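Convention: sequence-line order gives letters A, B, ...; per-chain numbering from 1. Fair warning: this is a prediction, and the values are worked out from it, not measured in the lab.
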Number of protein chains: 2
Amino acid sequence: MTELRPGDASLLRKVNTQATLRALRREGVATLTQLGRITGLSRQTVEAVLDELGERGYVREVPPDEGAMGRPARRFGFRADAGYVVGVEVGGDTIVAALADLGGEVIAWERAEVDSDAAAHERLDAARRTSLACVDGAGVARTRVWAVAAGTSGIVDRTGRVSLSITLPGWTGVDLAGLARRWFGCTALAANDANLAALAEHWRGSARHASDVVYVMMGRRVGAGILIGGRLHPGRGGAAGEIGTLRQVGWEDAARELVKDASAAGVFEAALRGDRDARRRVDRYAETLAIGASALALAIDPDLLVLGGGYARVGDVLLEPVRRHLAELCVSVPEVVASTFGDEGVALGAVRLALSHVEREILGL
Amino acid sequence: MTELRPGDASLLRKVNTQATLRALRREGVATLTQLGRITGLSRQTVEAVLDELGERGYVREVPPDEGAMGRPARRFGFRADAGYVVGVEVGGDTIVAALADLGGEVIAWERAEVDSDAAAHERLDAARRTSLACVDGAGVARTRVWAVAAGTSGIVDRTGRVSLSITLPGWTGVDLAGLARRWFGCTALAANDANLAALAEHWRGSARHASDVVYVMMGRRVGAGILIGGRLHPGRGGAAGEIGTLRQVGWEDAARELVKDASAAGVFEAALRGDRDARRRVDRYAETLAIGASALALAIDPDLLVLGGGYARVGDVLLEPVRRHLAELCVSVPEVVASTFGDEGVALGAVRLALSHVEREILGL
DNA sequence: CGACATACGTGAATTGGTTACATAAGTAGA
DNA sequence: TCTACTTATGTAACCAATTCACGTATGTCG
C-alpha cells in the first residue's frame with residue numbers, strides 16, 4: 001500500500017475502494033447498484049473501483065441473477081479464494097490448525113497429539129507438520145497462504161517470541177513467529193492462547209457484541225486474555241492478563257488441588273453426583289478463578305466476561321460456583337457468559353489475527 | 001461537522017484542513033511554505049485551507065517576520081483565544097479550576113476550600129462559583145467557554161453521572177456533567193479524578209511517552225486511573241481501575257491505618273526521622289498500595305506506572321517502599337515514576353479532556 | 001409484441017489538488 | 001543608489017475522482 005499523504009488526490013479512491021471492498025466482503029455477491037446504495041457511492045465509481053479490484057484479483061464477476069425484473073445486473077463477488085490464512089494452536093498436548101479463506105470461512109481443520117513433555121523442537125515440528133497437512137489436505141497450494149498466526153500458552157512478546165512459559169519444556173525464548181514464517185514463507189504472528197480465544201469469541205462467539213472483553217481460560221493451566229475496543233490487548237510485553245502470577249490470586253496451583261489423585265473429568269463428574277469432597281474441590285477452584293477474574297474485571301471494567309477453556313465444557317458444575325464467587329467479590333459484576341467454542345477457539349482466534357493482518361497490510365482495510 | 005460519506009469529494013479538503021490545523025496548532029505561527037512542507041500539501045492548497053479556517057475564526061494572519069532574506073512571507077497563527085475550556089476538580093475538601101485556551105495554555109487557576117462534610121448541593125455550588133470566578137477573573141467572557149470537564153472521586157459513568165461515591169456525602173447519583181452543562185451553557189463532561197490525573201501525566205507529565213498507563217493516586221482515598229493507547233479507559237460503567245474494592249486488596253482502609261491517631265504529614269515525617277512505628281505504618285500502606293497496583297499492572301501490562309496523589313509529594317519515604325513491594329509482587333515490573341503534578345493534576349486532566357472534546361467535535365480533528 | 005423495469009454507458013460539470021512559471025518584495029553588497 | 005539574490009505570491013494549465021443527467025440496452029409481464 002502506498003502511504004496516505006495529505007494532498008494525494010487518490011486518497012478518495014483509496015477510501016472508496018476500502019468501503020466497497022468491505023461492503024462486498026460482507027455481502028458476498030452484489031450488483032453495482034446495490035454496492036452503490038450501501039457505500040453511498042455512485043454506480044460509476046463503484047464500477048471503476050471494482051475494475052481495479054478485479055485486476056488485483058480480489059473481485060470476480062459472477063453470472064447474473066435470473067428471473068428478476070428489468071435488465072439483469074452484472075454481479076460481482078469477493079474472491080475469498082484469492083488467498084488463505086492459517087491459524088494454529090500450539091498447545092501442551094495438542095496441535096490444532098485451521099485453514100481459512102479470505103472471507104474467514106474455515107476450509108479445513110487438522111489436529112495432532114503431542115507429548116506434553118516434548119522438547120521445543122519436537123513441538124514446533126509437530127505444529128509445522130500439522131499446519132502443512134491442513135493446507136495440503138484441503139488441496140490449497142502452500143504458496144497461496146498469505147499469513148500464519150500461532151497461539152500458545154505463556155507470555156508472547158510483540159515480536160512473536162515466547163518470552164516466558166512455565167508449562168512447556170524449553171519453550172521460553174522460542175521465536176514462534178520467526179520460525180512459523182518459514183513454514184509457508186509468509187508473514188507469521190504469534191500471541192498468547194487466551195488472548196486469541198478471546199478474539200475468536202469476539203469474532204464469532206459469545207462476545208460478538210462486546211467491545212471490552214475479559215476471557216478466562218479455565219483448565220489445567222488458568223490464563224486470561226483481554227480485548228479492548230474489540231482488539232487484542234497484549235500489553236507492553238504481552239503479559240496483560242497474567243493476573244494469576246500474583247500470589248494472592250494463585251492461579252498457578254489452582255488446578256493442582258482440583259485434580260489431586262484424580263482426573264479433572266472424574267472430579268467434575270463426582271461433583272455433579274453430589275460428592276462432598278469433589279464439590280469442595282470444584283468450589284475451591286472456582287473461587288481461585290473468580291478472585292483473579294474479579295481483579296481483571298475491576299481493573300478493566302469490561303462489557304463482558306467470558307469463561308472458556310478445557311474445563312468450560314463441563315458446564316454449570318463449574319460455571320455456577322464461579323458466577324457465585326464473582327458476585328461476592330465484585331461491586332458491579334459484569335455480564336458473564338460461557339464461551340462458544342470448545343478446543344477450536346484458540347486456532348480460530350489465530351485465524352482471525354492472521355486475517356486482520358492480511359486485511360490491514362494487504363487489502364489495506 | 002458534516003459526516004464523511006465515502007464519495008464526498010470534500011473529504012480531501014477535510015483531511016487537509018485537519019492536517020493543516022494540526023500543524024499550525026503545533027507550530028503556533030507559520031508561513032504558507034512552512035505549512036506546505038510540514039503537511040506535504042502545495043502552497044496553494046494550504047492557502048485555500050487557511051482562508052477557510054480564517055473565516056471560521058480559528059486562524060489569523062500575523063505581521064510578517066522582519067530581517068529575513070527574500071520577500072517576507074505572510075504568517076498565520078492559530079487563534080488559541082478563539083475559545084476556551086474549563087477543567088475543574090471537585091474534590092473532598094478542595095475545588096481546583098483551570099481555564100485554558102484552545103492551545104492548551106492554562107490562563108488562570110482558581111481554588112476554593114469546601115467542607116468535607118458539605119452536602120452535594122453545596123459542593124456543586126462551590127464548584128460552579130469557583131469555575132465562574134476562574135473565567136471571570138481572567139477577563140474571559142463566559143460565553144467563550146466551549147467545554148467544561150469535571151473530575152471527582154468515585155465512579156462516574158459515561159453520561160457523566162456519579163454512579164457511586166463512598167467518600168463524598170450525597171454524591172452518589174449526582175449528574176455532574178448534566179449540572180456543569182448549565183454553568184457556561186456549553187457541553188460538559190465528567191470523569192473519575194484518577195483517570196484525569198493519568199491523562200494529565202500523559203499530556204504534559206511523566207507519562208508523555210507512554211501509551212498504556214496505570215496511575216495510582218495515593219492519598220487518604222486510594223484510586224487508580226487507566227490509559228490505553230494514550231486515551232482514557234473508563235470501562236463499561238466508569239469503574240475501571242477500582243481494584244481497591246476487592247477485599248484481598250483493601251485500598252478502602254489503607255489510609256485509615258496509616259493516619260490512625262495522627263496526621264498523614266506527621267506519620268511521614270516521623271518515618272523519615274526513622275521512627276519504627278511510623279515506618280511500619282508507611283510500609284504497610286505502601287504494601288497495600290503495591291498489591292492493588294501490581295494487580296492492575298498484571299492485568300494491563302502497562303508501559304508505565306505513575307504514582308501520584310496527595311501523598312506522592314512526600315517523596316521517597318513512600319515511593320521507595322512502594323517500589324520495593326511492587327518488585328516483589330510482579331514478575332515483570334513496569335517502569336515506575338512519580339507524578340509530575342501536585343494537586344493540579346486532576347484539573348489539568350479535566351482541561352485535556354475538555355480540549356479533546358473540542359478538538360474532536362468542533363475543530364473536527 | 002408492446003409496456004415496463006432495471007441496469008448500463010457516455011459526456012458535461014464540479015470539487016480539490018498539483019506543477020510550472022512569471023512577478024513581487026524584501027536583503028546584501030558594491 | 002543600484003544590482004544581484006532570495007524567497008513568497010499569483011495565475012494558468014492540467015490532472016484525478018466523482019456526481020448528475022440522459023439516452024440506450026436488455027430483461028420480464030401481460
Just the rounded figure in Å: distance from [atom2] of [N] to [atom1] of [X].
X	N	atom1	atom2	result
B:Lys14	C:dT15	NZ	P	14 Å
B:Arg75	D:dT7	CZ	C1'	15 Å
A:Asp65	D:dT26	CG	P	18 Å
B:Phe76	D:dA8	CZ	P	13 Å
B:Leu11	C:dG17	CG	C1'	13 Å
A:Arg13	D:dC15	CZ	P	17 Å
A:Glu47	C:dT10	CD	C1'	11 Å
A:Leu12	C:dT14	CG	P	18 Å

- Message: Given 3.5 Å as the limit, does a donor-acceptor pair link the side chain of A:Asn195 with the main chain of A:Ala191, or not?
- Response: no

- Smallest heavy-atom separation, B:Ile300 atom then A:His233 atom, equals O-NE2, 2.9 Å

- Task: Taking all heavy atoms of B:Ala30 and all of B:Glu27, pick out the closest pair and write down the distance.
- Result: CB-CB, 4.3 Å

- Query: Does the side chain of A:Thr45 get closer than 4.0 angstrom to OP1 or OP2 of D:dT19 through an N or O atom?
  - Reply: yes

- Message: Whether A:Ser42 contacts D:dC20 is assessed here as follows: a side-chain N or O lying under 4.0 Å from the phosphate OP1 or OP2. Is that the case?
- Response: no

- Is it the case that B:Thr33 and B:Arg37 place a side-chain donor and acceptor less than 3.5 Å from each other? no

- Message: Looking only at side-chain N and O atoms, does B:Thr20 offer a donor or acceptor that is under 3.5 Å from a partner on B:Thr39?
- Response: no

- Message: By nearest heavy atom, map B:Gln34 and A:Val46 onto DNA chain D; which one lands nearer the 5' end?
- Response: B:Gln34

- Item | Nearest listed nucleotide, side chain of A:Thr33, among D:dT9, C:dA7, C:dG16 | C:dA7

- Those residues at least two apart in sequence (or on a different chain) that pass salt bridge (Lys or Arg N to Asp or Glu O under 4.0 Å) with B:Glu52 are B:Arg13

- Message: How would you summarise protein contacts on nucleotides 21-30 of chain C per nucleotide, using B for base, S for sugar-phosphate only and - for none, with heavy-atom distances below 4.0 Å?
- Response: ---BBBSS--

- Task: Taking only Lys NZ, Arg NE, NH1 and NH2, and the carboxylate oxygens of Asp or Glu, determine whether B:Glu61 and B:Arg75 approach each other closer than 4.0 Å.
- Result: no

